[in-house]
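Below are the structure tokens for one structure; questions will follow.
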Amino acid sequence: MPVLIDAMPSAAAAARPSLVGLTREELRARLIGVGVEEKKAKMRAEQLWRWIYHYGVRDFAAMSNVAKALRALLADHFTLERPEITAAQISTDGTRKWLIRLADGAEVECVFIPDVGRSGALCVSSQVGCTLTCTFCHTGTQKLVRNLTSAEIVAQVMIARDALNEWPTPERPLNDGERVLTNIVFMGMGEPLYNLDHVAAAIDVISDGDGISISRRRITVSTAGVAPKIRELGERTGAMLAISLHATNDELRDQLVPLNRKYDLDALFAAIRDYPGLSNAKRVTFEYVMLKGVNDTPAEAKALVRLLKRIPSKLNLIPFNPWPGTAYECSDWETIEAFAAILNRAGYASPIRTPRGRDILAACGQLKSESVKQRASQRAKASAE
Ligand code: SAH
């Protein structure tokens, strides 16, 4: 079973911590901590906020409307550094993946998936590893797990915008139509609803209109089905909801998504129906991974349609992405198309999600695999020396 551990800040990070990723309140507290008058801290935090999150500056010297003395004080105590990128890859289809090392040495991945036209989604991680052990997902085989802080979640967005060169300058504004990174999906490593406090705080930062300004309607949080937290997610974040469903009956779902033994389909669907603001304009996305001979019959497609009846929903059929050591296989293409045709007839438009970034192991359920393998082999090598 994976073990949940707490983050341990490194000595270097503790000495001159980065302000990147902090919430407004955290920023204010940091300013007061280095001697900024309490009365002025709020206003100063607002100024910093705009430089950090609207312009993405990496140097206090660039903050032209901040007094020189304060800039110097800030530079003495803090940095605007992002976590270290230990590997950056670009797929033949344009998908980009970054492996990011956090202050305590833990690593997470995030993936940018450009869409047709100018839009694109960033897939962010909410935990290092995952405790859920879904049998078809590689991330669940990782042993050590910890929650990311909200700053570590926000930092993933900062890193992507750096790489995409998407920060405006006072001379060169960024119009909405020019954005490349338009959407955020919490579909990377981890279960976001086991880390709701930090996910909610990160969404507050990412959606803030004076900063990164990606609207809550363009932020989707995916869960394997932590039923008691679903309503709270909606109330606290206003984000779009996605459910990793994968099976239409409890017997099979118990096997694929062990969390189902705790919150079965009845409990899950009661929570989904209760999601605030559900409407045709705010639909739930259901993800369904296509596993050969496991969940891919026409009868199951029909059961899926029945299950989703009267829930404003979208469907995403995800061709299974294999990983080293898995016993599952991806359904045949004809099987997926036959399955999709049934959903199509029931009114679900183009439900098949094309796998992206498979060549760089950036596709769903493949995250972290390479780096874990590499580290394991490095460890083996080190212990042999
Ligand atoms: N824990 C959350 C967030 C992770 S989202 C959740 O389960 O929703 C990652 C998505 O990729 C989930 O829908 C997951 O079921 C799916 N997935 C995992 N492994 C996969 C694989 N090998 N192939 C295709 N999809 C996979």
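The structure displayed is predicted, hence computed values, not measured ones. Whatever order the structure lists them in is the order used to number ligands and atoms, beginning at 1.
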Next on the checklist: Is it the case that ligand 1 has an N or O less than 3.5 angstrom from some N or O of His138?
Outcome noted: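 Among all N and O atoms of His138, none is under 3.5 Å from an N or O of ligand 1.
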Checklist entry - So which of Glu191, Glu287, Gln127 gets nearest to atom 10 (C) of ligand 1, if we judge by its closest heavy atom? => result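 Of the listed residues, Glu287 has the closest heavy atom.
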Item to check | Proximal ligand 1 atoms for Asn321, defined as those under 4.0 Å from one of its heavy atoms | outcome: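 Here the atoms of ligand 1 in question are 21 (C), 22 (N), 23 (N), 24 (C).
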Checklist entry - Quick check: does Phe186 get an N/O under 3.5 Å from an N/O on ligand 1? => result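 There is no such contact.
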Checklist entry - So, the side chain of Ser18 versus the backbone of Glu81: is there a donor-acceptor pair under 3.5 Å, distance only? => result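 Yes; judged by distance alone, with no hydrogens or angles, the pair exists.
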Next on the checklist: Which of the numbered atoms in ligand 1 are under 4.0 angstrom from any heavy atom belonging to Met187?
Outcome noted: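 Under 4.0 Å from Met187, ligand 1 has these atoms: 5 (S), 9 (C).
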Checklist entry - Between Glu191 and Thr223, is any side-chain donor less than 3.5 angstrom from a side-chain acceptor? => result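 Indeed, the side chains of Glu191 and Thr223 share at least one donor-acceptor pair under 3.5 Å.
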Item to check | Atoms of ligand 1, numbered as shown, that sit under 4.0 Å from any heavy atom of Gly190 | outcome: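 In order of number, 1 (N), 2 (C), 3 (C), 4 (C).
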Checklist entry - Looking at side-chain heavy atoms only, is the closest gap between His198 and Val154 below 4.5 Å? => result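 Result no, sub-4.5 Å side-chain heavy-atom pair not found.
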Checklist entry - With a 4.0 Å heavy-atom cut-off (strictly under), which part of Ile243 contacts ligand 1: side chain, backbone, both or neither? => result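 No part of Ile243 comes within reach of ligand 1.
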Item to check | Whether Phe320 and Tyr328 hold their rings parallel, tilted or perpendicular, with breakpoints at 30° and 60° | outcome: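 Phe320 and Tyr328: perpendicular rings.
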Checklist entry - Under 3.5 Å, side chain of Asn344 to main-chain N/O of Ala349, donor-acceptor pair present? => result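 No, the answer is negative, given that no donor and acceptor are paired below the 3.5 Å cut-off.
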Checklist entry - Does Lys229 pair with Glu232 as a salt bridge, N-O distance under 4.0 Å? => result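 A salt bridge is present here (some side-chain N lies under 4.0 Å from a carboxylate O).
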Checklist entry - Does an N or O from Val289, backbone or side chain, lie closer than 3.5 Å to an N or O of ligand 1? => result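 So ligand 1 has no N or O lying under 3.5 Å from an N or O of Val289.
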Item to check | Under 4.0 Å to a heavy atom of Ile318 - the qualifying atoms of ligand 1, by number | outcome: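 What qualifies from ligand 1 is 24 (C), 25 (N).
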Next on the checklist: Which heavy atom of Pro192 sits nearest to which heavy atom of Ser222, and what is that distance?
Outcome noted: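 Closest approach of Pro192 to Ser222, heavy atoms only: CG-O, 3.1 Å.
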Item to check | Nearest-0.5 Å distance that lies between atom CZ in Phe269 and atom CD1 in Ile311 | outcome: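 The CD1 atom of Ile311 is 5.0 Å from CZ of Phe269, to the nearest 0.5 Å.
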Checklist entry - Can you name the closest pair of heavy atoms from Val257 and Leu245 and give their distance? => result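 So the minimum-distance heavy-atom pair works out to CG2-O, 4.5 Å.
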Checklist entry - Which ligand 1 atoms does Ala224 reach within 4.0 Å, using its non-hydrogen atoms? => result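 Numbered from 1, ligand 1 contributes 6 (C), 7 (O), 8 (O).
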Checklist entry - Which atoms from ligand 1 have a heavy atom of Cys137 less than 4.0 Å away? => result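 The atoms of ligand 1 under 4.0 Å from a heavy atom of Cys137 are 18 (C), 19 (N).
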Item to check | Close-contact set for ligand 1 against Trp323 heavy atoms, below 4.0 Å | outcome: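 Close to Trp323: 22 (N).
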Item to check | Among Gly188, Ser222, Cys330, closest by any non-hydrogen atom to atom 4 (C) of ligand 1 | outcome: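 Minimum heavy-atom distance to atom 4 (C) of ligand 1 goes to Gly188.
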Next on the checklist: List ligand 1 atoms under 4.0 Å from His246, heavy atoms only on the residue side.
Outcome noted: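 Those atoms are 13 (O), 14 (C), 15 (O).
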